[in-house]
Protein chains: 2
Amino acid sequence: MTIYEVAERASVSIATVSRVLRGNVPVSPGTAARVRAAVAELRYRPSHLGRGLAERQHAANGIVFPDLSGPYYAEVVLGYESVAAELGRSVLILSSHGRPTARDMVMELAARVDGLVFCTRTVDDETVREVAATGTPVVLIARPPVADVDTITTENRDSAALLAEHLLGHGYRRVVFLGDADRSSDFAERFEGVRQIIPAIVPVACGFDENSGFRAAEAVRRQRPDAVICCNDEVALGLTSATAGSVPVTGWDDVMAARYAGLTTVRQPMRELGARAARLLDERITGARGEPHHDVLPTRLIVRSSCGPHPKEET
Amino acid sequence: MTIYEVAERASVSIATVSRVLRGNVPVSPGTAARVRAAVAELRYRPSHLGRGLAERQHAANGIVFPDLSGPYYAEVVLGYESVAAELGRSVLILSSHGRPTARDMVMELAARVDGLVFCTRTVDDETVREVAATGTPVVLIARPPVADVDTITTENRDSAALLAEHLLGHGYRRVVFLGDADRSSDFAERFEGVRQIIPAIVPVACGFDENSGFRAAEAVRRQRPDAVICCNDEVALGLTSATAGSVPVTGWDDVMAARYAGLTTVRQPMRELGARAARLLDERITGARGEPHHDVLPTRLIVRSSCGPHPKEET
DNA sequence: TTGAAAGCGATACCAG
DNA sequence: CTGGTATCGCTTTCAA
């Protein structure tokens with residue numbers, strides 16, 4: 001089923017069929033009707049391949065994330081898809097998770113989209129730069145700027161400081177930061193924010209998921225901390241299930257499980273993160289904007305019970 | 001950057017460039033080397049559009065799900081992406097969530113992939129049939145067969161019966177099934193499985209997410225049930241937070257939060273669901289298989305504390 | 001308003 | 001082993 005068959009059925013040229021389908025050029029009402037009828041009868045769907053080739057665009061953009069098992073990226077992707085679809089673009093996803101060929105897969109993906117979003121822990125800056133160099137617009141989520149691509153992040157330092165102050169208010173002195181600041185700018189900023197208030201903060205390395213948090217329990221205990229600030233909710237949850245709540249703990253993100261676990265955490269607008277990224281990307285693709293944007297979304301401290309009995313009233 | 005420029009740089013024809021890139025036809029070592037050098041120097045990436053048009057395939061397939069906010073679909077998509085990528089195909093996602101134009105978006109998507117997976121609550125069977133009629137291979141996840149497309153589901157009836165028996169063992173007599181069996185074959189099967197053991201089961205309509213569960217609390221209380229079997233974990237969790245655990249509750253799926261909430265539930269291999277779907281689809285796309293498959297994955301009852309104090313030992 | 005024809009970027013068949 | 005060229009399905013001048 002091609003445009004030729006439709007043209008033949010409607011007794012017009014393929015040019016005319018194309019015109020009524022795109023609707024940008026005037027076509028006589030009668031002809032248009034005949035074409036539309038033919039399209040309907042033949043259940044014709046234009047080929048994206050042919051169209052894309054002629055228009056030199058894909059009408060699709062991608063997003064690269066490390067994993068989708070935690071709630072964080074699921075929300076980000078959801079927000080992204082939601083806006084992209086609304087903007088009429090298909091969305092391609094790529095999980096870099098542990099794949100040694102991530103870089104190649106990314107370059108491969110870049111060749112079939114009009115724009116690309118990269119999350120943290122997916123590929124290095126060099127790869128991002130390479131993609132950007134091909135002219136493909138790029139937006140970075142929660143990672144430092146590279147070249148002059150757009151970035152969108154959430155506020156970390158201030159809320160981390162606020163969280164630290166809250167813990168200090170509890171009377172805690174010796175506190176551990178559980179997470180790997182070197183592998184995520186988000187974590188690095190949170191660590192800095194905390195250290196601003198608690199200079200003696202003790203960093204303990206850790207992965208990003210529940211299991212990592214669970215397995216870090218031993219290392220954490222060794223520090224005999226009054227409280228533990230975890231890099232994210234999953235790690236906090238994992239640690240909690242290992243310590244059975246014997247140590248005050250805080251997380252970050254406010255995922256669904258956090259509420260049920262009574263986890264004190266910092267809520268960040270994950271869905272909005274993806275949504276804004278999609279918008280920024282679109283502005284670049286359509287050329288509506290030239291200068292790079294670096295947006296920062298607000299976050300909010302959510303105090304629950306995991307940080308211990310509250311010495312004073314707070315929200 | 002096209003194949004022509006590479007050809008010129010290597011002083012060969014585009015046909016030769018194509019040959020060394022695809023590697024299916026013999027090319028003299030010397031020529032191949034020159035071409036490869038040119039490709040590297042020019043940082044050439046073949047256009048997927050051009051290639052796809054010539055090969056009449058997209059090297060991509062899609063998956064349509066209702067939403068991504070809950071853990072269920074995130075896991076399914078993760079499993080799907082994982083296998084699809086491994087098979088060398090890009091993956092396009094489409095969330096039908098509440099969009100009135102879902103059907104059009106699906107037909108649109110179908111036109112740019114080699115195969116498509118549909119989850120429940122996305123589009124009706126008619127649309128599925130229409131896509132299948134275009135010759136695009138289709139796989140259905142957790143929904144009844146349509147035409148002769150492949151399907152992959154998880155076991156519901158038996159585990160539901162098992163769950164019901166467990167509740168009976170607790171001494172509960174009056175039990176409510178919270179969920180809308182009409183809108184999901186999974187839910188319908190679970191309801192049937194329960195009813196097989198508890199004929200007097202009382203159905204109470206409800207949505208699919210936490211909020212729905214929360215808001216259903218009133219309607220549930222009115223039934224003064226000894227226990228409530230929820231259609232999934234999210235609803236169970238929502239209900240729990242509204243009833244503060246005053247009523248024994250069970251869920252389904254075993255999402256992360258279920259563990260922290262001590263929710264008795266039935267675990268199903270969500271990731272595997274997506275992974276198998278990707279494999280089934282690939283078999284159809286490559287034509288490796290002709291007859292339709294209808295796979296059923298096993299599930300497992302997970303007893304925790306939400307169903308009340310245990311009268312006898314169980315796992 | 002409409003048609004003819006030149007691409008868009010690859011693949012693959014047909015000769016040589 | 002290599003080059004020329006028709007083709008894939010569609011958009012878009014250029015003329016009529």
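The basis for the numbers below is simple: all heavy atoms, side chains too, and nothing from hydrogens, waters or symmetry mates. Protein chains get the first letters and strands the later ones, always in sequence-line order, with residue 1 at the start of each.
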After noting the C-alpha distance and the side-chain angles of B:Glu130 and B:Arg103, does the key distance pass the salt bridge (Lys or Arg N to Asp or Glu O under 4.0 Å) rule? CA-CA 10 Å; B:Glu130 194 167 331; B:Arg103 185 202 168 91; 2.3 Å; yes
Walk me through whether B:Phe65 and B:Phe118 qualify under ring-ring contact (aromatic ring centres under 6.0 Å, His included). CA-CA 6 Å; B:Phe65 47 82; B:Phe118 290 100; over 10 Å; no
Derivation and outcome, side-chain contact (heavy atoms from CB on, under 4.5 Å), residues B:Glu86 and B:Arg279: CA-CA 10 Å; B:Glu86 178 185 301; B:Arg279 291 235 153 71; 3.2 Å; yes
Step by step, would you call B:Asp186 with B:Ser184 a side-chain hydrogen bond (donor to acceptor under 3.5 Å, both in side chains)? CA-CA 5 Å; B:Asp186 265 345; B:Ser184 153; 4.9 Å; no
Evaluate the criterion side-chain hydrogen bond (donor to acceptor under 3.5 Å, both in side chains) for residue pair B:Thr127 and B:Asp124; output intermediate values, then yes/no. CA-CA 6 Å; B:Thr127 304; B:Asp124 55 25; 2.8 Å; yes
Could you check A:His48 against A:His58 for side-chain contact (heavy atoms from CB on, under 4.5 Å), going step by step and ending with a plain yes or no? CA-CA 8 Å; A:His48 269 280; A:His58 305 265; over 6 Å; no
Check the pair B:Met1, B:Arg45 against side-chain contact (heavy atoms from CB on, under 4.5 Å), reporting the backbone distance first and the verdict last. CA-CA 8 Å; B:Met1 179 51 23; B:Arg45 300 262 158 199; over 6 Å; no
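Comparing A:Ser28 and A:Tyr4 by the nucleotide of DNA chain C whose heavy atom lies nearest to each, the residue mapping closer to the 5' end is A:Ser28.
Within residues 31-41 of chain A, no residue has any heavy atom closer than 4.0 Å to DNA chain D. A heavy-atom distance below 4.0 Å to DNA chain C is reached by these residues of residues 13-23 of chain A, ordered by number: A:Ser13, A:Ala15, A:Thr16, A:Arg19. Listed in residue order, the members of residues 48-62 of chain A having a heavy atom less than 4.0 Å from DNA chain D are A:Gly50, A:Arg51, A:Leu53, A:Ala54, A:Glu55.
A pairwise comparison of heavy atoms in B:Arg121 and B:Phe208 identifies CD-CZ, 3.0 Å as the closest pair.
Between B:Val12 and B:Val35 there is a side-chain heavy-atom pair separated by less than 4.5 Å. Counting heavy atoms from C-beta outward, A:Val91 and B:Leu92 have side chains that stay 4.5 Å or more apart.
Note that the CG atom of B:Leu42 and the CD1 atom of B:Ile3 stand 12.0 Å from one another [nearest 0.5 Å]. To the nearest 0.5 Å, atom CE of residue A:Met270 and atom OG1 of residue A:Thr154 are 10.0 Å apart. Atom CZ in A:Arg276 sits 11.0 Å away from atom OG1 in A:Thr151 (nearest 0.5 Å).
A:Ile3 places its CD1 atom 8 Å from the C1' atom of D:dT11, with the value rounded to the nearest Å.
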Under 3.5 Å, sequence neighbours excluded: what are the donor-acceptor pairs made by side chains of residues 136-150 of chain B?
{"unit_1": "B:Thr136", "atom_1": "OG1", "unit_2": "B:Thr134", "atom_2": "OG1", "d": "3.0"}
{"unit_1": "B:Arg143", "atom_1": "NH1", "unit_2": "B:Cys119", "atom_2": "O", "d": "3.1"}
{"unit_1": "B:Arg143", "atom_1": "NH1", "unit_2": "B:Thr122", "atom_2": "OG1", "d": "3.4"}
{"unit_1": "B:Arg143", "atom_1": "NH1", "unit_2": "B:Val123", "atom_2": "O", "d": "3.0"}
{"unit_1": "B:Arg143", "atom_1": "NH2", "unit_2": "B:Val123", "atom_2": "O", "d": "3.0"}
{"unit_1": "B:Arg143", "atom_1": "NH2", "unit_2": "B:Asp125", "atom_2": "OD1", "d": "2.9"}
{"unit_1": "B:Asp150", "atom_1": "OD1", "unit_2": "B:Arg284", "atom_2": "NH2", "d": "3.3"}
{"unit_1": "B:Asp150", "atom_1": "OD1", "unit_2": "B:Arg289", "atom_2": "NH1", "d": "3.2"}
{"unit_1": "B:Asp150", "atom_1": "OD1", "unit_2": "B:His293", "atom_2": "N", "d": "2.7"}
{"unit_1": "B:Asp150", "atom_1": "OD2", "unit_2": "B:Arg284", "atom_2": "NE", "d": "3.3"}
{"unit_1": "B:Asp150", "atom_1": "OD2", "unit_2": "B:Arg289", "atom_2": "NH1", "d": "3.4"}
{"unit_1": "B:Asp150", "atom_1": "OD2", "unit_2": "B:Arg289", "atom_2": "NH2", "d": "2.8"}

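A salt bridge links A:Arg22 to A:Glu55: at least one charged side-chain nitrogen sits closer than 4.0 Å to a carboxylate oxygen.
Of all nucleotides in DNA chain C having an atom under 4.0 Å from a heavy atom of chain A, the first and last in 5' to 3' order are C:dT1 to C:dG9.
Each end of the helix from C:dT1-D:dA16 to C:dG16-D:dC1 gets its own axis, taken as the rotation carrying the C1' atoms of four end pairs onto the next four within a five-pair window, and the two axes meet at 40° to the nearest 10 degrees.
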